[in-house]
Protein chains: 4
Amino acid sequence: MRDAVIQREEEETNSTPAPQDQRPAGGERRRGRGRRPQAEVRADILLAAGRLLFQDGMAAFTIEGVAARAGASKTTIYKWWDSKGALALDGYFHAVEETLAFPDSGNVIDDLRTQLRAFVHLVTKTAAGKVIAELVGAAQTDPVLADALHRLYSGPRLALAVEAMKRAKARGQLRADLDAEAVVDQLWGACYHRLLLTGLPLTEQFVDQLLRNLTVGIERD
Amino acid sequence: MRDAVIQREEEETNSTPAPQDQRPAGGERRRGRGRRPQAEVRADILLAAGRLLFQDGMAAFTIEGVAARAGASKTTIYKWWDSKGALALDGYFHAVEETLAFPDSGNVIDDLRTQLRAFVHLVTKTAAGKVIAELVGAAQTDPVLADALHRLYSGPRLALAVEAMKRAKARGQLRADLDAEAVVDQLWGACYHRLLLTGLPLTEQFVDQLLRNLTVGIERD
Amino acid sequence: MRDAVIQREEEETNSTPAPQDQRPAGGERRRGRGRRPQAEVRADILLAAGRLLFQDGMAAFTIEGVAARAGASKTTIYKWWDSKGALALDGYFHAVEETLAFPDSGNVIDDLRTQLRAFVHLVTKTAAGKVIAELVGAAQTDPVLADALHRLYSGPRLALAVEAMKRAKARGQLRADLDAEAVVDQLWGACYHRLLLTGLPLTEQFVDQLLRNLTVGIERD
Amino acid sequence: MRDAVIQREEEETNSTPAPQDQRPAGGERRRGRGRRPQAEVRADILLAAGRLLFQDGMAAFTIEGVAARAGASKTTIYKWWDSKGALALDGYFHAVEETLAFPDSGNVIDDLRTQLRAFVHLVTKTAAGKVIAELVGAAQTDPVLADALHRLYSGPRLALAVEAMKRAKARGQLRADLDAEAVVDQLWGACYHRLLLTGLPLTEQFVDQLLRNLTVGIERD
DNA sequence: GACTAAACGAGACGGTACGTCACGTCTTGGG
DNA sequence: CCCAAGACGTGACGTACCGTCTCGTTTAGTC
C-alpha cells in the first residue's frame, strides 16, 4: 500500500483496515458538492495525474488538467500536494508500482548487471523512461520535487546497490578501499547520461560494457 | 566571436564584418522606438538573458523579463530565437565563453583527468553549475533546447574526449575493443549524476576515483 | 430579548424558559466538538457576526469568517440563517439594541425632529452608520436581506412616524389630505440620500431645514 | 461620444477623428490571438457589460462573465477598469445614454416636476431602475464605484437641480435663505428611499405630493 | 445508568470567481 | 524597412468562499 507517498503527513492512522480504492460498487452518479471519502478522491487524482503524465508529458502536466480529469477541485489538490512536481511524482509512483528488490546471488557483478538491465528495460521499453527524464528535469527548478525524488526514488534504489557492494566488500569480492557511491555513479549515472543528455542507445550490451570497464579495466593489458 | 549560436539560420552573411558589441559610443539615452542596429540589439538581449539566467535561475527566466531588461521588444526576440530554452542557452554561452581545448599530453588518463577536473571546477566553483543543471533539466521538455544543447554543448565536448581516447587506442594505450563513448558516460555521466540527481559532493578526489575504478578496476586483486 | 430575529421559523417554542445568553459560568475552555446548547452557540455566532460586521465591514463579512471567530461550524450557521445578509442583519441587531420608542409630546413636528435627530446621531456619531449603509447596499442584490430589512428595520421605524402623523392629522395639526408616507420619504429618505449617495454632511441643522421646508415651505412669501 | 468614462486616463487624444465602433465590415472570423484595435475591444466589453448588467443583475455581474461574453480577456479588462463596479457603471452608461438637459421654463417648480417625473419614469418604466439600485448598493462597499457614481452620475444630475433653484432664488421665486441641497435631498432622496428601501410605489402622483408638501406645506392652514 | 438521537466542531469536497503572470501573435507608430 | 512598445486572446497559476456533505464527539432526553 503505497499511496500518496509525497503528500503532506496526514491522518494515515485511520482505523479502517484497508478498504481503500474501492469505488462504491455500482458506478452511481456523483452526488455533487459535499464531501467524498478522502481515499476515493486521492485515488482519482493520482490516477488522473499518472495518465496525464504518461500521455502528454510533463510539459502538459497541469494542476488544472489533473483536477479536470479527476473530477476533483484544484483546492483539494493544493491541500495535499505542495507543488506540481510532487503531484507528478506521486502520480508516477501510483502508475508504475516498481518493485525494489535487490536479490543477492553471491556475485555482486551479476547482481549489478541484473539491476542495471532492469533499469534499462524500464527506461527504454516502457513509457516510464521519458517520464523519469522529465521528472528529473523538472526537479532542477523545483526543490520540492528534487527532495521528494531523492528521498523516494533515486535514494532508495541507489542505497540498495551501495549496500550490495558493501556486502561484497565484506566477503572479499571487491576492493576494500572502494567507494561504492562512485561506482553507482559510474553505472547508473552512465545510463542517466544517455537518457538525459546524449540520447545514445541504452542497451544490455551497453550495460555489459559498463561492468566490463570496471572489472577488466579500460587500459591495454 | 560566437554570438547567437542557436538562432534560426538567418542572414549570418550580413555585410557588417564584426562591429559587434560596441554601443553607440556615447552612452546616450535610449531614443525610444525606431530601428537599432541588429548587432547592438542582440548583444543587449544576450547580455540580459545571461544575467537573468545566472541571477534568478531558469524558473524565473522569462522572455518578457529578458525583453524588459534588454530594453528590447518581445517581437525582436521571437524573431531570432525559437524557444525560451534556445535563448537561455545562448545567453549562457554569451556569459561563459568556455574554452574547448583538449590538449594531448600523450597520456590519455592524465588528459581525461585534466578535463574532468576543469569540468568539476566549472560546475562546483562557479555559478555555471546550477545553470547547466537547469538547462539540462529544461531540455527534457523542450526539444529545441535539447537539440541545441546536444549540438552545441555536450556533443563537441564529449567528442573531444572520444577522439582523445581513439588516439590513445591507436597508440596502444587503451584496449582496442574499448567503447570510448561508454567510458565518457562513466566519467562525465558520473559527474552529471551527482549534479542532477544525488547531490553528492563533486570533488577532485571523486574524479580520481572514477579514473582509478576504470584503470585499476573495482574487484579485489 | 430579541435574539436571532431573522432566522428561519424554528422551534421557538422550546420548553426552556429563558436561560439564554448565560455562559456556563466558569469561563472554562471550549470543550471541542460535541453538542452545545443552542442558545450559547447562537449567542457566540451573533456576537462574532456583529463584531466582524462593525470592524471589517460588509465586504469582509464572510460566513467562514463568522464561523471561525465564533468557534462554530458553517453547518450550524447555515442551519439557522438563510443568507449572509440575514446573518449580518441579525448580528447588527444583536450588537446595537436600538430602542423603538416614539413618544408623543402633542407636537408632531417636535416629535419628528427628535426622532430624526436620534437617527442622524446614530448614523453619524456611531459605527452603525456605515454598517446600515452597507446593509441597505447588500439588500439590493439579496432578496432575503431586503425582506428582513423592510420587515424588521425600516418598516417598524417608519410605521411609528406614520402613525404619529396620523394622530396629528386626527387632532387637526396636519393637513387632512396629507400623505404621511411621502413625508417620511422626505425626511428619512433625505437623510438616507446623504448617507448612501451624496455624502453631504448629516447634521442637526440639516434636520431642522428639512422640517422647515415642509412647514414654512420653500417658496418666497 | 462618451465612451469608457470611468476607465483610467489614457491616450484619448488619438488623432484618428472618429472611426470608432465600426467593426471590420464583413463579420469575418476573429483572427485569434494578436492585438485588436483598442476601440473595438472596448466597445465589445462595454456592450457585454451592459447586457450582462441589465439581464442578470449586479449579483451575476462578473468580470469573467463580461470577458467571456465580449470575447475579450480578463487581462484587458483589468488593464482599463479598476474594479468590477467601475466596469459595471461604465457598462450602464454605454447602454443607457441618458440626456442631462435641465430646461429652464421660468417656473422652477414646474422644472423640478419635469425632471423628477423623468427620473421616476426611468426608474420604474425601464430596466434601469433595478440596475441603478444595484449600483448604488454596490457602491456602499466599493469606494471606486462610489466615487465614480458621485462624480459621473448623481453629482452632475443634482448639480443641475441645485443651479436651477439658485437661479430661481435670484429671480425671487424661492426663499432667499433656502438650502437648495436639502431640497434636492427631499425630492430625489425621497424617490431613492422608495427605490432602495421601502419599495412603495413611485408614481407621478407621488412626485406631485413631494412638491406640494414643499410648497403648500404639510401643516393645516 | 445505559442507550439513543440530535446537534455540534471540524473540515473535506466540487465549484466559481478572483486577480496575476507569461505566453506567442498581432498592430501601430517612429527613426 | 525594421524596430520599440505594448495590446490582444489564451490559459494556468494559487487563493478565497461558497454551499453541501461526511465524520466522530458530546450532550440531553428516554427507557
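Residue numbers begin at 1 in each chain, while the letters A, B, ... track the order of the sequences.
In this structure, the CG atom of B/Leu52 is 10 Å from the P atom of E/dA22, given to the nearest Å. Distance OH (C/Tyr78) to C1' (E/dG11): 13 Å, rounded to an integer number of Å. In this structure, CG of C/Asp82 is placed 15 Å from P of F/dC18, rounded to the nearest angstrom. Counting to the nearest Å, the P atom of E/dG15 and the CD1 atom of C/Ile63 are 21 Å from each other. Atom CH2 of A/Trp81 and atom C1' of F/dG14 are 16 Å apart (whole Å). As rounded to whole Å, 14 Å separates atom C1' of E/dG11 from atom CD1 of C/Ile77. Rounded to whole Å, atom P of F/dC18 lies 10 Å from atom CG of C/Leu87. Nucleotide E/dG14 holds its P atom 11 Å from the CD atom of A/Gln38, rounded to whole Å.
Between D/Arg42 and D/Asp90, no side-chain nitrogen of the basic residue sits less than 4.0 Å from a carboxylate oxygen of the acidic one, so the salt-bridge criterion is not met.
Looking at the side chain of A/Glu64, the nearest of the listed nucleotides F/dA7, F/dC13, E/dG24 is F/dC13. Which of F/dA4, E/dG9, E/dC13 sits closest to the side chain of B/Ala72 comes down to F/dA4. The nucleotide whose nearest atom lies closest to any side-chain atom of A/Thr62 is, among F/dA12, E/dG14, F/dT20, F/dA12.
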Verdict with reasoning, B/Met58 to A/Gln140, per side chain to side chain contact (heavy atoms under 4.5 Å, CB included): CA-CA 9 Å; B/Met58 196 63 191; A/Gln140 305 308 317; over 6 Å; no
D/Phe61/D/Glu134 under side chain to side chain contact (heavy atoms under 4.5 Å, CB included): CA gap, chis, key distance, verdict: CA-CA 11 Å; D/Phe61 188 84; D/Glu134 291 179 336; over 6 Å; no
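Comparing D/Gly65 and A/Ala70, the nucleotide of DNA chain E nearest to each residue sits closer to the 5' end for A/Ala70. Toward the 5' end of DNA chain E, the nearer of the two residues A/Thr76 and B/Ala60, judged by each one's closest nucleotide, is A/Thr76. Summary of the strand contacts: D/Val41 and A/Lys84 both lie near DNA chain F, and taking for each the nucleotide with the nearest heavy atom, the more 5' one is attributed to D/Val41.
The shortest side-chain heavy-atom distance between B/Trp81 and B/Ile63 does not fall under the 4.5 Å cut-off.
Judged by atom type and distance alone, C/Thr75 reaches the base of F/dC21 through a side-chain donor-acceptor pair under 3.5 Å. Taking only distance into account, the side chain of C/Lys74 never meets the base of E/dG11 through a donor-acceptor pair shorter than 3.5 Å.
A distance-only check finds a donor-acceptor pair linking the side chain of D/Ser83 to the backbone of D/Gly85 [under 3.5 Å].
Phosphate proximity of F/dC3 to B/Lys79: present, with a side-chain N or O under 4.0 Å from OP1 or OP2.
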